[in-house]
Participant: 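The structure's right below; bear with me while I get my questions together.
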Amino acid sequence: MLKPKVLSQILEQANTHGVQCTMILKPDGSLLAFSGNPIAKSIAAIIANIWSEYTERSQGSVLEYQIIDCEEGRVVVTRVSKLLLCVCGDLKSEFGMLKSKATVLRNYLEAPLSQIVK
C-alpha cells in the first residue's frame with residue numbers, strides 16, 4: 001500500500017533541474033499529493049480544467065500528454081491510472097526533460113495508484 005508521506009517523497013525526487021513542483025490530482029482538480037512550491041494548490045484546478053476540456057474535444061482519441069508553455073513556467077501533464085500527474089518547471093526547463101520526468105513517475109506510480117483509485 002502506498003503511504004501519503006512516501007508518495008510526497010517520490011514526487012520530491014523529480015524536483016531538480018528547474019522543476020518547481022510535482023503533483024498528483026483528481027480529474028476534478030482536487031490535489032492528492034504534491035511536492036515543491038505551495039502554488040500547486042492553485043495550479044491544480046486550472047490544470048484539471050484544461051485537461052478535461054482537451055479530453056472532451058479529442059473526439060475519441062486518447063490524450064497521453066499535455067504540454068503547456070506559460071508566462072511563469074512550463075507544465076507537463078499526463079494520466080496515471082485515473083489521476084493526473086503534473087510536473088511544473090521554470091522558464092528554463094526543457095519540455096523534453098519535464099516529459100521524461102513525468103514518464104518515469106507515471107511508470108513507477110501506475111500500479112500503486114491503480115490499487116487506490118478504482
Participant: Can you name the closest pair of heavy atoms from S81 and S114 and give their distance?
Facilitator: OG-CA, 3.3 Å

Participant: Could you report the tightest heavy-atom contact between V76 and A102, atom names first, then the distance?
Facilitator: CG1-CB, 4.0 Å

Participant: Might you confirm whether atom CD of E94 has over 12 heavy atoms from other residues, nucleotides or ligands at distances under 6.0 Å?
Facilitator: no

Participant: Can you list the steps and then say if S93 with R74 is a side-chain hydrogen bond (donor to acceptor under 3.5 Å, both in side chains)?
Facilitator: CA-CA 7 Å; S93 301; R74 296 175 169 177; over 6 Å; no

Participant: Write down the atom of C86, the atom of V77, and the distance for their closest heavy-atom approach.
Facilitator: SG-CG2, 4.2 Å

Participant: Rounded to the nearest 0.5 Å, what separates atom CG in L98 from atom CD1 in I68?
Facilitator: 11.5 Å

Participant: Below 4.0 angstrom, N of the basic side chain to O of the carboxylate: do E110 and R106 qualify?
Facilitator: no

Participant: Set out, in order, the CA-CA distance, both residues' side-chain angles and the distance that settles side chain to side chain contact (heavy atoms under 4.5 Å, CB included) for M23 and I43, then state yes or no.
Facilitator: CA-CA 10 Å; M23 60 187 131; I43 294 173; 3.6 Å; yes

Participant: Taking everything shown except E72 itself, do over 12 heavy atoms lie less than 6.0 Å from its CD?
Facilitator: no

Participant: Say whether T16 and K101, considering side chains only, have a donor N or O and an acceptor N or O under 3.5 Å apart.
Facilitator: yes

Participant: Rounded to the nearest 0.5 Å, what separation is found between the CZ atom of R79 and the CG atom of L63?
Facilitator: 8.5 Å

Participant: What is the distance from atom CG of L11 to atom CZ of F34, rounded to the nearest 0.5 Å?
Facilitator: 10.0 Å

Participant: Can you confirm whether more than 12 heavy atoms, excluding those of Y65, are under 6.0 Å from its OH atom?
Facilitator: yes

Participant: Once rounded to the nearest 0.5 Å, what's the spacing between atom CG of L32 and atom OG of S8?
Facilitator: 10.5 Å

Participant: About how many Å separate CH2 of W51 and CG of L25, when rounded to the nearest 0.5 Å?
Facilitator: 10.0 Å

